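See structure below.
Quick caveat, the model's predicted, so the values are computed rather than measured. For the single chain, residues carry numbers from 1 onward in sequence order.
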Amino acid sequence: MKITSMTTYQVPPRWSFLKIETDAGITGWGEPVLEGRAASVAATVEELSDYLIGKDPSRIEDLWTVLYRGGFYRGGFYRGGGIHMSALAGIDQALWDIKGKALGVPVHELLGGRVRDRIKVYSWIGGDRPAETARAAREVVDRGFSAVKMNGTEELSYLDTWDKVDRCVANVDAVRQAVGPNVGIGVDFHGRVHKPMAKVLLRELEPYRLMFVEEPVLSEHIDGFADVLRNSPIPIALGERLFSRWDFKAVLASGAVDIIQPDPSHCGGITEARKIAHMAEAHDVGLALHCPLGPIALAACLQIDAGCYNATIQEQSLGIHYNTSNDLLDYVTDPSVFAYDDGQVVIPDGPGLGIEINEEYVAERAAEGHRWRNPVWRHADGSFAEW
């Protein structure tokens with residue numbers, strides 16, 4: 001079997017799908033995208049196709065190695081980073097999809113089989129500009145979810161005012177009161193909090209028995225903040241902006257993080273995400289794969305979750321505020337493959353990634369495409385604020 005063609009589709013609301021075709025008539029799908037840089041990732045996929053057309057798609061580890069390590073130039077090399085690893089991620093997902101379909105088994109069967117039949121998922125409830133977040137949390141719990149995630153703060157300066165701290169605490173308190181003591185609450189600082197204010201917020205949020213605080217500071221600042229994170233009673237989650245096992249190595253060694261959140265559409269796909277997950281298990285760190293993306297990305301996450309003992313909970317984008325024109329289930333022929341029950345989703349058991357893409361609808365929506373960009377926030381003094 002040989003790879004014959006590779007086609008990318010940029011589809012609303014902000015996703016990119018990849019179709020890899022073979023001379024055996026077997027097609028694999030992946031989701032190579034970096035939010036706000038979808039066209040750049042698609043261009044990189046096209047460049048990497050020179051290493052793939054005519055090759056045997058079953059040699060996934062070898063192809064991954066070539067695509068990662070094959071960027072040498074005289075005197076140095078280019079590898080890693082968000083664009084490269086997101087392109088490689090979508091390719092890797094599609095190759096696993098092809099292999100599973102060729103052998104008639106789900107990807108997790110090829111990776112050693114399942115350690116679980118289903119996994120807990122959480123639902124996004126907002127909080128960017130806090131308003132009625134508690135009501136949203138109650139509605140989500142009433143639909144059967146047992147965990148929610150919210151943004152904790154608005155923009156924060158290095159040293160900011162207590163009214164912003166109080167608003168964050170009041171918002172979390174309202175959600176806790178709305179959902180009761182036993183629903184998990186994740187509070188995402190979204191990398192928009194600098195070290196001085198992160199110290200304050202972590203202390204003030206201790207009474208609310210949070211499931212985790214996500215990205216209390218940006219990943220590049222962990223080394224100077226490790227003591228605070230190690231001593232916080234709140235579980236610390238981080239990793240969506242890290243792109244390889246080498247990026248995670250120092251973070252895991254620091255002992256500052258309790259839950260890692262690699263994104264299999266950003267960190268090199270199923271092949272690399274599993275290696276990161278097993279590194280984390282060796283440090284007794286849990287896994288909560290990042291996935292505010294589309295159905296192919298979620299299917300890939302669930303195949304990984306199936307076989308990773310330390311997988312704890314799965315993010316999913318159904319109803320997330322980014323999904324304004326299309327939502328998670330629109331591009332699959334059988335939406336029941338992601339049926340949620342009692343706050344959990346069953347691991348897809350069909351061949352490959354376990355989902356069937358509605359290719360006709362993908363092509364239709366790709367004709368519209370998208371040009372999604374994140375908002376640009378500014379502080380009161382006019383300086384840039386982390387979003």
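A donor and an acceptor atom, one from each side chain of Tyr340 and Gln316, are located under 3.5 Å apart. Side chains of Glu31 and Gln93: a donor-acceptor N/O pair is absent below 3.5 angstrom, by distance only. Side-chain contact check for Asp92 and Thr271: at least one donor-acceptor pair (N or O, by modelled atom type) lies under 3.5 Å.
No close placement of the Phe145 and Trp124 rings is indicated, their centers lying 6.0 Å or farther apart.
Within 6.0 Å of the CG atom in Asp341, the count of heavy atoms belonging to other residues, nucleotides or ligands does not exceed 12. The neighbour count for Arg209 CZ, taken as heavy atoms of other residues, nucleotides or ligands under 6.0 Å away, does not exceed 12.
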For residues 10-18, which side-chain donor-acceptor pairs fall under 3.5 Å, sequence neighbours excluded?
from: Arg14; atom 1: NH2; to: Pro292; atom 2: O; distance (Å): 3.4

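Salt bridge Arg135/Glu139: present, at least one basic N to carboxylate O contact under 4.0 Å. Classification of Glu359 and Lys19 as a salt-bridged pair holds, one side-chain N sitting under 4.0 Å from a carboxylate O. Ion pairing of Glu61 with Lys275 is present here, as a side-chain N (NZ or NE/NH1/NH2) and a carboxylate O approach within less than 4.0 Å.
Glu281 is linked by a salt bridge (Lys or Arg N to Asp or Glu O under 4.0 Å) to nothing, counting only residues two or more places apart in sequence or in another chain. Residues meeting the ring-ring contact (aromatic ring centres under 6.0 Å, His included) test with Tyr361, sequence neighbours left out: Tyr331.
Under the 30°/60° scheme for interplanar angles, the aromatic rings of Trp387 and Trp377 are found to stand perpendicular.
With rounding to the nearest 0.5 Å, the separation of CD1 in Ile53 from CD in Glu21 is 9.5 Å. Note that CG of Asp188 is 4.5 Å distant from NZ of Lys149, once rounded to the nearest 0.5 Å.
Each of Glu214, Glu35, Glu215 was evaluated against Arg241; a single residue qualifies, Glu215, per the salt bridge (charged side-chain N to carboxylate O under 4.0 Å, His left out) test.
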